[in-house]
Amino acid sequence: MAGGIKVQEINCAGCANCIKSCPTEAMRVIDGCVSVINELCIDCGECMRNCPHKAIMMDEDEWDLISSQESVVAICDPTFYVQMGAYANQILIKQALASWNVTDISDYASLAFDIVAYSIARMLDHESPQNLPLITTYCPAVIRLIQINFPELVGRVVPVDSPFEIAVAIWREVTGRNDDITLLVPCPAKITLVRNPVGREDSNAQYAVSVRKLVRALLAGGPKISSEQLEVGLNNRWLQWSVTGGESAHISAFSQRPLKTISVSGLRNTMDLLKEMELGRLRGIDYIECRVCDLGCIGGVGNAESRFLSKSRLDHMDINWNISADEMEALHGWYEKGIYKLEKEITATRRNPLATDLNSAMSRLKELNRIYSELPHIDCGSCGRPSCKALAEDIIRGQGEMTDCIFKLRETISELSREIADLAEHTPHTLRGKRV
Amino acid sequence: MTTNIYEEEFKVEGGDFMNVGTASTTLKSSLEMVGIPSSITRRASIIAYEVEMNLVIHAGGGIIRSLVSTDKLMILAIDEGPGIPDIDLAMQEGYSTASDAIRELGFGAGMGLSNMKRNADVLKINSEMGKGTSVEAIIYFTENTEWRK
């Protein structure tokens, strides 16, 4: 639902790079500028990656406005903590943010991630084998991709709320505070998590600001960094969710049996895996963890650091996968309260059929195929559509014409010029035989 | 009123493992466009995928014809391959005559025909040794089996 990206019209060259990169074919170039079909956009950020003119940006909230308030409460995506070599651990970052009057509620986040992993492990324990594998709900772009492209898989999406929502809910309950919350996000999809969440009416957070924005501000020499090595000691299991496989490892840590999981990242891998699942080819697998960004959330377009360096930091982290009895007790209380449950069922987004009744839809599909067969099938994008098929569909839906295709336009012009030449041969009787 | 039938034909090359799945993807997108419920679309894509696999692995290619009318959907696969010697045996889960080379590619698990049977309302197979095989799978639109609520 395109809440996470915006087009900077002045920079848009009207080229076809973004429309061809979109996995749901949600983009068109109309009148020289790209436009997004909101219902089809999954906020994956592929268009941003592929725009050579920097015309597509994350539609984040203004940090300058937010931070000008007296106190700010922020919850940070785990990627935030692996962006900076200078701030090597969570405590340093917390201190740095505190010096800006920003309260970082990451303690609650680490608890919430434990709760989510624990809840999913319990569901996997109790689910009957024919209903497995279940699919992650962590990546909002994956949920939307499933809703739009894999409607039959929505029933397999694990009905567990986002750990960010849970963390804020717990923080509000424990502290009794009602401040606005800013979520630091690594991607456009998590902006949409705040503005237009799936599976709940409203988000518990109010604003979304990119990780990159704050990392740059921190590195620009805002607060003082203490150079002494601090004892870490904090739970850092949740940070692993920002790299492929981290979520599965966390769930496995809570599971009573060895889980068979598949973890993939990147849009293409995600699409391939979901396709295989739709064809019923993933029997014997318990859980599917997919992220649309390469290497996981650290590959999101809203990060500041190289995803490779972030990954290296995560790989070299000492992680304590053993959950202590105290931790277990704390999370189990919240689990019993059902805090992990999604408010609303996740449903499929139906694409509009070509017509409301089957009979006329079939006739229009035949017409669509006829139009398609006349197009050049090279998917050049010059018509402003991602493919010849998409142009054929737009024409059928009354949103385009055959001459939008430059090849068809040339053909038409050449036919026309032949006709003009023919017509020119026909002189009026009064002029025939005379010099004109 | 004449019955309106939408027809789509797909040519499959034998041994072409790189493009396997195209027939099923194309069919899925067509069915979505005419507004067929996703539960049926999914069953149809599974059938199309499995017949496509069979044409690629066993038959040296063939054609897949999909016909949609207002009350049912039919998938026809016709080939001029070696034929199936014992259809009942071939229908059993896990039975496969696929070569080791094909199994190494991760195909040929012997689930194809039983998968088709599970997803079709009617499945007819005619095979003549040395002449070829035709598979006809029908899904009726009245029935509405939900895969998982």
Side-chain angles (χ1 to χ4, degrees), chain A residues 24-25 127-128 130-135 146-157 159 271-272 274-281 283-284 345-370 372-373 387 389-390 392-393 396-397, chain B residues 1-10 20-53 66-73 93-94 106-107 109 111-112 114-116 118-119 141 145-149:
Chain A
T24 52
E25 298 201 328
E127 195 60 81
S128 69
Q130 77 263 22
N131 292 333
L132 294 173
L134 297 181
I135 311 170
I146 292 172
Q147 288 180 299
I148 293 167
N149 274 12
F150 302 94
E152 273 302 289
L153 296 182
V154 288
R156 295 296 185 97
V157 171
M271 302 258 282
D272 282 355
L274 293 174
K275 206 188 274 175
E276 286 181 22
M277 180 163 171
E278 194 179 41
L279 290 168
R281 302 184 64 78
R283 285 194 201 96
E345 195 186 346
I346 296 176
T347 51
T349 312
R350 263 180 77 78
R351 276 192 197 222
N352 272 346
L354 295 175
T356 42
D357 71 297
L358 181 55
N359 235 319
S360 22
M362 286 198 295
S363 307
R364 297 184 84 181
L365 181 57
K366 283 181 203 168
E367 181 61 11
L368 189 156
N369 286 343
R370 191 193 57 74
Y372 176 64
S373 70
S387 64
K389 198 96 200 193
E393 192 180 331
I396 283 292
R397 292 185 191 274
Chain B
M1 194 181 94
T2 53
T3 333
N4 192 358
I5 293 175
Y6 171 76
E7 190 178 335
E8 194 172 279
E9 196 175 286
F10 214 89
V20 83
T22 352
S24 128
T25 311
T26 315
L27 179 63
K28 182 185 165 188
S29 114
S30 301
L31 295 180
E32 268 170 6
M33 271 196 260
V34 294
I36 306 281
S38 63
S39 54
I40 288 174
T41 303
R42 176 171 184 270
R43 288 163 61 197
S45 5
I46 292 178
I47 296 170
Y49 183 79
E50 295 294 357
V51 293
E52 194 180 355
M53 286 302 299
S66 311
L67 300 132
V68 186
S69 62
T70 43
D71 60 338
K72 63 174 180 291
L73 181 161
E93 281 193 14
F107 303 110
M111 300 299 285
S114 47
N115 245 346
M116 278 179 227
R118 226 192 331 270
N119 287 290
F141 293 160
T145 334
E146 287 285 336
W147 182 45
R148 186 180 183 240
K149 262 260 171 242

(request) With a 4.5 angstrom heavy-atom cut-off, could you sort out which part of S29(B) is near chain A: side chain, backbone, both or neither? (result)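 S29(B) has no heavy atom closer than 4.5 Å to chain A.
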(message) For T41(B), which atoms come within 4.5 Å of any heavy atom of chain A: side chain, backbone, both, or neither?
(response)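 The answer is neither part of T41(B).
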Nearest 0.5 Å, what's the [atom1]-[atom2] distance between [X] and [Y]?
| X | Y | atom1 | atom2 | result |
| --- | --- | --- | --- | --- |
| M362(A) | I36(B) | CE | CD1 | 7.5 Å |
| K28(B) | N149(A) | NZ | CG | 6.0 Å |
| K389(A) | T26(B) | NZ | OG1 | 7.0 Å |

Check whether [X] gets within reach of chain B through its side chain, its backbone, both or neither, counting any heavy atom under 4.5 Å.
| X | answer |
| --- | --- |
| D357(A) | neither |
| I396(A) | neither |
| S363(A) | both |

Measure across [X] and [Y] and return the closest heavy-atom pair with its distance rounded to 0.1 Å.
| X | Y | answer |
| --- | --- | --- |
| V34(B) | P353(A) | C-CB, 3.8 Å |
| M277(A) | R42(B) | O-NH2, 4.1 Å |
| K275(A) | T25(B) | NZ-OG1, 4.3 Å |
| S38(B) | E152(A) | OG-OE2, 2.8 Å |

(request) Specify which of T356(A), L354(A), L279(A) makes the most heavy-atom pairs with chain B at under 4.5 Å. (result)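 Looking at each of T356(A), L354(A), L279(A) in turn, L279(A) comes out on top.
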(message) When you compare the side chain of R364(A) with that of Y6(B), does any pair of heavy atoms fall below 4.5 Å?
(response)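 No, side chains not in contact.
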